[in-house]
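In what follows, chains are A, B, ... by sequence order, proteins preceding strands, each numbered from 1.
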There are 2 protein chains.
Amino acid sequence: MRAAMDIVAEDGFGAATTAAIADRTGLAEGTLYRHFKSKDALLIAAYRQLKADVFERVSAETGDSASVKDRARAMWLGMWNTYCHDLPAFTFGQRFGESALSRQEGGAAHERIMDHICSIIEDGQASGEIRNLQRDVLVAFFFPPLVSMLKQINQGKAWSDTEINAAIDAAWQAWAV
Amino acid sequence: MRAAMDIVAEDGFGAATTAAIADRTGLAEGTLYRHFKSKDALLIAAYRQLKADVFERVSAETGDSASVKDRARAMWLGMWNTYCHDLPAFTFGQRFGESALSRQEGGAAHERIMDHICSIIEDGQASGEIRNLQRDVLVAFFFPPLVSMLKQINQGKAWSDTEINAAIDAAWQAWAV
DNA sequence: GTCTATACAGGGATAGAC
DNA sequence: GTCTATCCCTGTATAGAC
């Protein structure tokens with residue numbers, strides 16, 4: 001799964017052939033089929049594990065006790081740091097999302113992360129800190145900018161702490177009443 | 001090119017085989033190679049034309065005379081409407097961006113659109129209406145949320161005018177001093 | 001410009017020995 | 001659990017006639 005993620009991140013889905021994956025693991029091609037029913041199954045498993053790992057890390061770092069604003073910030077940084085430390089996994093996730101396998105996967109893997117941000121939004125709306133807009137609109141100003149900034153790291157961009165904090169602040173401005 | 005875009009939008013890059021493309025055009029497979037050097041060339045040409053078309057429409061609708069805020073709004077709506085009327089083209093663009101061909105294309109096709117938003121941002125910063133952040137941070141709160149909302153249309157989501165206006169407003173809040 | 005036929009390579013998957 | 005060998009299919013691209 002790791003090998004597949006790295007190959008997809010480096011050279012796209014087209015490059016993730018069974019030969020290439022087996023090659024990178026050091027195993028023979030046929031051996032892959034002892035562990036996964038098919039190549040698609042392998043890729044889907046990799047995606048699901050990735051999402052589960054991210055959820056673990058993010059939910060661990062987002063304590064329930066803090067203020068809504070702090071929880072939002074913690075979640076932003078949690079995702080940021082997680083993916084920064086594993087950019088291939090991030091890129092794999094992006095590409096998987098635009099692949100035909102995504103439909104097959106169904107989207108369940110991402111849902112828990114979505115629920116997490118939604119619970120923060122709900123609390124913020126209840127306390128009157130966050131605007132009473134439809135959740136999907138608000139979420140659109142949280143993940144997508146974050147993802148966009150992560151993508152740019154792959155293209156050589158280096159973000160300063162100032163810029164990261166500015167982004168978190170801008171996201172909050174988009175949410176705030 | 002239209003056939004290729006539609007196929008990619010419907011079933012992903014993997015489905016865009018020369019056979020499938022030829023089939024949809026009504027032409028024979030071999031005939032494609034009279035018009036394009038290779039399948040990759042065809043897809044890249046489709047992408048470039050798509051971006052050029054979007055740039056035409058968006059820059060036409062974004063008059064220079066209006067206020068910065070209105071120009072930003074016009075650009076947002078310009079992209080929104082353009083892609084709403086051609087969702088397959090939108091989806092194709094997204095998938096192309098995550099494909100290996102994207103690196104080959106180089107990104108020049110998207111650059112003009114990028115310049116356009118940057119000139120709006122510059123003017124807003126000069127007039128003191130927009131925060132003095134690095135442009136990439138600000139852009140991350142313009143296109144990505146828009147794109148994210150468009151993607152959801154493909155999943156059956158219907159946005160009301162109220163929500164669209166709220167999104168434009170939220171984007172402006174992220175930008176505003 | 002378009003078609004048919006075809007060459008050629010590469011990819012997914014299985015069989016069966018070790 | 002792993003490897004080797006192999007099958008079969010599909011996908012890209014070309015040749016050459018019309």
Side-chain angles (χ1 to χ4, degrees), chain A residues 1-52 88-89 91-106 109, chain B residues 1-50 88-89 91-106 109:
Chain A
M1 279 161 28
R2 185 75 239 172
M5 287 208 296
D6 289 344
I7 292 166
V8 169
E10 285 164 23
D11 297 314
F13 257 76
T17 63
T18 50
I21 296 168
D23 212 46
R24 191 176 277 233
T25 60
L27 294 174
E29 220 173 323
T31 307
L32 297 180
Y33 291 87
R34 294 282 166 179
H35 300 278
F36 300 95
K37 197 186 146 200
S38 67
K39 194 189 78 164
D40 287 359
L42 188 162
L43 291 167
I44 289 173
Y47 178 76
R48 291 202 165 132
Q49 190 171 87
L50 159 63
K51 286 290 177 180
T91 306
F92 169 75
Q94 290 301 116
R95 295 191 164 169
F96 185 94
E98 293 296 343
S99 79
L101 287 179
S102 184
R103 196 187 298 171
Q104 205 171 320
E105 194 272 331
Chain B
M1 279 160 30
R2 185 74 239 173
M5 289 207 296
D6 289 344
I7 292 166
V8 169
E10 285 165 23
D11 297 313
F13 256 77
T17 62
T18 48
I21 297 168
D23 212 46
R24 191 176 276 233
T25 59
L27 294 174
E29 221 173 322
T31 308
L32 297 180
Y33 291 88
R34 294 283 166 179
H35 300 278
F36 299 96
K37 197 185 144 201
S38 68
K39 193 189 80 163
D40 287 359
L42 188 162
L43 290 166
I44 290 174
Y47 179 76
R48 291 203 164 130
Q49 190 171 86
L50 160 63
T91 306
F92 168 75
Q94 289 301 114
R95 295 191 164 168
F96 186 95
E98 293 297 343
S99 79
L101 287 180
S102 184
R103 196 187 299 171
Q104 204 171 320
E105 193 272 331

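In terms of the side-chain contact (heavy atoms from CB on, under 4.5 Å) criterion, residue partners of A15(B) (sequence neighbours excluded) are, by chain and number, I7(B), D11(B). The side-chain contact (heavy atoms from CB on, under 4.5 Å) search around A19(B) returns T17(B), E29(B), not counting sequence neighbours. With sequence neighbours excluded, the residues satisfying side-chain contact (heavy atoms from CB on, under 4.5 Å) with D40(B) are S38(B), L101(B), Q104(B). In this structure R48(A) satisfies the side-chain contact (heavy atoms from CB on, under 4.5 Å) test together with I44(A), E105(A), A109(A), sequence neighbours excluded. Residues that satisfy the side chain to side chain donor-acceptor pair (under 3.5 Å) test with R24(A), not counting sequence neighbours, are E10(A). The side chain to side chain donor-acceptor pair (under 3.5 Å) test applied to K39(B) returns no partner, not counting sequence neighbours.
Note that the first and last nucleotides of DNA chain D, 5' to 3', having any atom under 4.0 angstrom from a heavy atom of chain B are dG11(D) to dG16(D).
The CZ-C1' distance, from R34(B) to dT4(C), rounds to 13 Å in whole Å.
For M5(A) against L50(A), the heavy-atom pair with the smallest separation is SD-CB, 4.4 Å.
For residues 5-50 of chain B, every residue pair satisfying the ring-ring contact (aromatic ring centres under 6.0 Å, His included) rule, not counting sequence neighbours, is listed here: Y47(B)-F96(B).
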Could you write nucleotides 6-11 of chain C as a row of B, S and -, 5' to 3', where a protein heavy atom under 4.0 Å of any base atom gives B, of only sugar-phosphate atoms gives S, and otherwise -?
-> -----S
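L27(B) comes within 4.0 angstrom of sugar-phosphate atoms only, judged by non-hydrogen atoms across all strands, and of no base.
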